[in-house]
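Count residues from 1 along the sequence.
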Amino acid sequence: MGSAARLSAPGALVLWAALGAAGPPFWGLVNAAWSLCAVGKRQSPVDVELKRVLYDPFLPPLRLSTGGEKVQLIHFNQELYGNLSAASRGPNGLAILSLFVNTSTQVAGSSNPFLSRLLNRDTITRISYKNDAYFLQDLSLELLFPESFGFITYQGSLSTPPCSETVTWILIDRALNITSLQMHSLRLLSQNPPSQIFQSLSGNGRPLQPLAHRALRGNRDPRHPERRCRGPNYRLHGLTSRDTPSPVDPDTVEVLMTFEPDPADLALSSIPGHETFDPRRHRFSEEELKPQPIMKKARKIQVPEEQKDEKYWSRRYKNNEAAKRSRDARRLKENQISVRAAFLEKENALLRQEVVAVRQELSHYRAVLSRYQAQHGAL
C-alpha cells in the first residue's frame, strides 16, 4: 500500500442493511436488476467441503504481487474490460481473493501482524462511524497473507446485489489468526454516521448458496500436501497465465472420492500373506483382461482297478493339486477384477459429472473468447 494507507469506515453494506426485514432472501424481489440473487445458478458464497475439492494439476501457482501503491482484493479482467464497473457486468470479469479468519481468545501477539496493526485500539477508535477515515503509515499489505498457502477456486457471483455471476473466487486455504477482542472491536463499528441510529457491522454476511454442479478445484496435490505457494512474491495473474502447462502423466491424476469396499471382498481379492489388494492402484495387463474361452471337460477315461498303482495315485494327486491352484488363481483374479470394476464404476460416474461441469465452463469461455475477438480481432 505504499508508505501510507487510507482506512475508511465501511459503507458498502449500508444499502443491503437498510432493507431491514427484507434481507438477502428477498434481494431478487425488491429490485428487478437484482434478479440473479433469487434465480442465479452460480451464486456465492458456498460451503467449501474439502472432500469435494478436486485436485487440478493444471492450476498454476497463485502469485500475489504487492508492488506499487495499491493492491486490490477484488480484481477485474483488464484484458476484456476497461474498468471494474464493466467487468462486474460481463462474463469472466472479476476475481475475488478471499481469506479465512480463525478467532481465538489468545493474546494479540498471536494474531496476524497486519490485522494487529489495523485493529489496535488507537486505530479502530478513529473510524467508528461511516465515512470516518484515518491514514496509517508504513502498513504493508504483504503482512496480510500467510507465508505459504494453497488455494481453492470456483466460479461464482458477487455476494451482494446485483449478485452478478461474473466472479472467479480464489480462497486461500490457510486461515489468518484474529483474537476475539479484535473481532469484538470490528462489531463495534457502525454502518451509519453518528447522526443516525447505531447499526453494528456484524451479521451482514449472505447465507451460503447451493454449489449445484459447479466444480471446486484446488492446486494442492493430496499426495504432496507440503507443496504450497510461497508468500507475497507471487502475482495474481498466475491464474490467467497463457503459458502452456507442463504435460501431466494421466496415471498420476487421482480423482478424489470416497470408496470403501467391503473388507470381505478385499480379503477374497488378496493373496494370503501378501499386501491387501488396492483397487485404486492395481492395473491389469491386456492379457489378463482378455475373455477366456469356456473349456470343455475332457472325456473321462476309466482305469481298471488293477492298474491303479502307486504311480497312478501320485500322478492323480498332483493333477488335482494343479487344478485346485488354477481354480483358486482364476477365482482370485475374478474377485480382483470385480472389486476394481466397482471402483471404476464409481470413479466413472464422478468423472461424468466433472465432464458436465467442464463442458459448461468451456462453453462459457468460448463465449468470452468470441466476444473478445469480435471487439479486438483474432488472437
Side-chain angles (χ1 to χ4, degrees), residues 1-14 16-17 44-45 48 62-75 94-153 158-160 167 169-192 198-206 208 228-236:
M1 280 193 182
S3 59
R6 186 177 189 273
L7 186 64
S8 299
L13 297 177
V14 172
W16 329 133
S44 298
V48 179
L62 177 64
R63 296 176 291 177
L64 305 169
S65 173
T66 56
E69 297 184 358
K70 182 179 180 182
V71 173
Q72 299 172 324
L73 295 183
I74 299 180
H75 305 257
L94 301 176
I96 296 181
L97 193 63
S98 179
L99 297 124
F100 294 96
V101 172
N102 276 333
T103 305
S104 70
T105 57
Q106 298 177 7
V107 296
S110 65
S111 67
N112 177 270
F114 180 91
L115 296 179
S116 294
R117 175 81 188 282
L118 193 69
L119 301 177
N120 68 52
R121 181 177 178 81
D122 183 59
T123 303
I124 205 72
T125 53
R126 298 172 186 265
I127 56 165
S128 299
Y129 298 96
K130 179 184 176 183
N131 297 328
D132 285 350
Y134 177 63
F135 282 90
L136 287 174
Q137 297 292 330
D138 302 320
L139 180 61
S140 173
L141 194 63
E142 292 183 359
L143 298 174
L144 179 60
F145 298 98
E147 291 184 1
S148 64
F149 54 86
F151 68 91
I152 298 166
T153 181
L158 294 172
S159 57
T160 55
V167 180
W169 280 85
I170 305 163
L171 315 175
I172 303 299
D173 70 355
R174 178 166 286 191
L176 306 179
N177 290 324
I178 184 173
T179 67
S180 54
L181 183 61
Q182 290 170 337
M183 182 62 75
H184 179 68
S185 66
L186 281 173
R187 295 192 174 109
L188 292 179
L189 299 179
S190 176
Q191 299 182 33
N192 294 333
F198 175 85
Q199 188 166 18
S200 172
L201 185 63
S202 62
N204 54 18
R206 188 186 189 192
L208 295 174
R228 295 171 173 264
C229 303
R230 291 280 174 191
N233 298 322
Y234 296 92
R235 289 174 290 182
L236 185 57

*Assess whether side-chain contact (heavy atoms from CB on, under 4.5 Å) is satisfied between Thr123 and Tyr134, documenting all intermediate values.*
CA-CA 8 Å; Thr123 303; Tyr134 177 63; 4.1 Å; yes
_Ile96 CD1 to Ser159 OG distance, which is reported to the nearest 0.5 Å_ = 6.0 Å
_Has Gln191 got a side-chain atom pairing as donor or acceptor with Ser200's backbone, closer than 3.5 angstrom?_
yes
_Heavy-atom pair with the smallest gap, counting every atom of Phe100 and Ile172_ = CD1-O, 3.2 Å
*asked:* I need the Gln199 CD to Asn192 CG distance, nearest 0.5 Å.
replied: 5.5 Å
_Full working for side-chain contact (heavy atoms from CB on, under 4.5 Å) between Leu144 and Leu115_ = CA-CA 7 Å; Leu144 179 60; Leu115 296 179; 4.2 Å; yes
*Which atom pair, heavy atoms only, marks the closest approach of Leu188 to Phe198?*
O-CE1, 3.3 Å
*To the nearest 0.5 angstrom, please state how far the CZ atom of Arg121 sits from the CD atom of Gln182.*
13.5 Å
*What is the minimum heavy-atom distance between Asn102 and Ala175, and which atoms define it?*
ND2-CB, 3.5 Å
*Going by the side-chain contact (heavy atoms from CB on, under 4.5 Å) test, name the single residue among Leu189, Thr125, Ile127 that passes it with Asp132.*
Ile127
*Report the distance from atom CG of Leu99 to atom CZ of Phe114, rounding to the nearest 0.5 Å.*
10.0 Å
_Flag side-chain contact, heavy atom, 4.5 Å: Leu186 against Leu119_ = yes
*Between Arg206 and Leu158, what is the shortest heavy-atom contact and its length?*
NH1-O, 3.9 Å
*asked:* Side chains of Ser44 and Trp169 only: does a donor on one sit below 3.5 Å from an acceptor on the other?
replied: yes
_Determine whether Ile124 and Leu118 satisfy the following criterion, side-chain contact (heavy atoms from CB on, under 4.5 Å), listing intermediate values before the conclusion._
CA-CA 7 Å; Ile124 205 72; Leu118 193 69; over 6 Å; no
*Is the backbone N or O of Pro113 less than 3.5 Å from a side-chain atom of Arg117, with the two atoms forming a donor-acceptor pair by type?*
no
*Mind checking the CD1-OG spacing from Ile152 to Ser98? Nearest 0.5 Å is all I need.*
10.5 Å
